[in-house]
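Please read the structure below before turning to the comments.
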Amino acid sequence: MVKLKSNDDKEFEVEEAAVIQSEMIKNMIEDGCATSVIPLPNIDSKTLIKVIEYLNKHINMGKAAETGEEDDLKEFDEQFVNMGWEELFDVIMAANYLNIHELMELCCQSAADRLKNKSVRAVREMLKITNDLTEEEEQEIINDAPWAFEGPEIDDTVN
Amino acid sequence: MVDVSPQSQLIPNLPDVIALQCLARIPHSHHPKLFLISKSWRSTLNSSALYNTQSLLRTTETFLYLNLCINFTFHWYTLISHKLFPVCSMPVKSIRSDFAVLGSKIYVIGRSISEIPSNNMWVFLLMRIGREFVTTGVVNGKIYVMGGCVRLWGQGLCDRG
């Protein structure tokens, strides 16, 4: 077992087979740098719990295809990313820091899927972005690609 | 004045390098709408940094562009969702030019004008010897220009290889 410590001083025990999905921790263990407790100064306990949940579920991902558990994993992933923007960004930052490729991929893809069909107003509000374009610049963007502003109603909800 | 960290111009409190990883996964057909979010979204979605990230993530897309001559005038169109749409972003009409596609850019090679503007998608390639009616090819990431007429109708273009 490997012990991880969040930046709010909470310790979590994780199986080595799960935790080595993090390239960063895998390298630490291989280089003999992993002490009794690995401190993670960039990750709070709330986010670390989510990351460990993912690592434990994906521990046998390589075998999932053989045992027919792929659908189960897919369903888990869909449920896993069902979280607010702030929490999603925290997990992305943690996945980037720990270098967990699949988790990074899953969360960034979720962010992209959420953003692509949202209205401009909704994206700005969700991500707290201030519009700094002039009216002329906005009109220029619309004139350049009118096809992008046609079609079915876009999602104006904020979530 | 609001203090904006240079690393978090796209999404507040998220480093741009991470935000780019999210934006690189959004299909190109959604980009024009997202240009409207802010100046930094517009420039980032048009940037070579985005294309480089997409290349690493293998999320680049291929598009068909058509250059059609209608009533003796050339018009550019792009195919999106089985429909042709005019491309408005080519800054000047090109005459007697050839085109080469490399990465996310369309290079316009050999033409007869003196001003050489450029924007997000189009690159007007300047040659040491200005010429028209050239033939181009792309091999191993390099554009090769062959043949063409020198200074018959054309303006001499300045040297950049």
Side-chain angles (χ1 to χ4, degrees), chain A residues 42 81 85-97 101 103-156, chain B residues 2 4 7-46 50 53-54 56-59 63 76-91 119-122:
Chain A
N42 296 343
V81 289
W85 280 102
E86 207 171 312
E87 200 180 353
L88 182 72
F89 288 153
D90 284 344
V91 175
I92 288 177
M93 292 292 285
N96 183 57
Y97 173 67
H101 180 74
L103 181 57
M104 188 76 186
E105 175 95 21
L106 173 69
C107 293
C108 288
Q109 188 62 55
S110 170
D113 291 343
R114 290 181 199 195
L115 289 172
K116 67 182 183 190
N117 290 317
K118 288 284 178 188
S119 71
V120 172
R121 188 199 68 81
V123 173
R124 283 193 199 127
E125 194 174 326
M126 285 186 304
L127 304 181
K128 301 181 178 65
I129 296 169
T130 311
N131 179 22
D132 55 358
L133 292 159
T134 63
E135 273 182 35
E136 288 78 20
E137 285 171 324
E138 289 187 357
Q139 200 52 54
E140 188 189 327
I141 291 168
I142 295 166
N143 292 345
D144 264 0
W147 50 267
F149 302 90
E150 295 169 356
E153 271 306 296
I154 44 174
D155 183 0
D156 197 36
Chain B
V2 183
V4 181
Q7 277 80 44
S8 293
Q9 290 179 342
L10 293 168
I11 298 171
N13 302 321
L14 194 70
D16 283 349
V17 65
I18 305 286
L20 203 58
Q21 297 256 333
C22 300
L23 298 189
R25 290 173 161 90
I26 297 176
H28 184 267
S29 58
H30 296 269
H31 285 191
K33 192 195 75 191
L34 295 173
F35 289 168
L36 287 176
I37 302 295
S38 71
K39 281 185 202 286
S40 60
W41 278 56
R42 184 189 191 187
S43 60
T44 300
L45 288 165
N46 270 325
L50 184 92
T53 308
Q54 287 177 325
L56 287 171
L57 298 172
R58 297 176 192 277
T59 55
F63 294 95
W76 281 88
Y77 294 88
T78 183
L79 192 67
I80 295 162
S81 307
H82 310 290
K83 282 190 204 165
L84 278 183
F85 292 94
V87 176
C88 309
S89 61
M90 188 170 180
N119 73 349
N120 53 56
M121 189 170 72
W122 306 94

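Only heavy atoms go into these numbers, but all of them, side chains included; no hydrogens, no water, no symmetry mates. It should be emphasised that the depicted structure is a prediction, and the values quoted were computed from it without experimental measurement. Chain letters run A, B, ... following the sequence lines, proteins first, then strands; residues in each count from 1.
Residues B/Pro15 and B/Ile18 are in side-chain contact: their nearest non-hydrogen atoms beyond the backbone lie under 4.5 Å apart. Contact of the B/Arg42 side chain with the A/Glu137 side chain is registered, since non-hydrogen atoms from C-beta on lie closer than 4.5 Å. Side-chain contact between B/Leu50 and B/His31 is present, with heavy atoms from C-beta onward closer than 4.5 Å.
Residue contact with chain B, scored on non-hydrogen atoms closer than 4.5 Å, involves the side chain of A/Ile92 exclusively. Only the side chain of A/Asn96 comes within contact range of chain B, with at least one heavy atom under 4.5 Å from a heavy atom of that chain. With a threshold of 4.5 angstrom between heavy atoms, A/Thr130 approaches chain B through N, CA, C or O but not through any side-chain atom. In this structure, the portion of B/Leu14 lying under 4.5 Å from any heavy atom of chain A is its side chain and not its backbone. Only the side chain of B/Leu34 comes within contact range of chain A, judged by heavy atoms closer than 4.5 Å.
Of the N and O atoms on the side chains of B/Asn13 and A/Glu86, not one donor lies less than 3.5 Å from an acceptor on the other residue.
A side chain to side chain contact (heavy atoms under 4.5 Å, CB included) with A/Ile129 is found for exactly one of A/Leu127, A/Asn131, A/Asp132, namely A/Leu127.
Between chain B and the options A/Ala111, A/Ser119, A/Ser110, A/Cys108, heavy-atom pairs under 4.5 Å are most frequent for A/Cys108. If you tally non-hydrogen atom pairs under 4.5 Å between each of A/Gln109, A/Lys118, A/Arg121, A/Lys128 and chain B, the highest count goes to A/Gln109. Between chain B and the options A/Glu105, A/Glu138, A/Met104, the largest number of non-hydrogen pairs under 4.5 Å is found for A/Glu105. Contact count versus chain A (heavy atoms, under 4.5 Å) is highest, among B/Pro12, B/Pro27, B/Ala24, for B/Pro12. Chain A forms more heavy-atom pairs under 4.5 Å with one residue of B/Ile26, B/Thr59, B/Ile37, B/Ile11 than with any other, namely B/Ile37.
Taking the centre and axis of the six-membered ring of B/Trp41, the NZ or CZ atom of A/Arg124 falls outside the cone set by 45° and 6.0 Å.
Nearest heavy atom pair, residue B/Pro32 against residue B/Ser29, reads CD-O, 3.8 Å.
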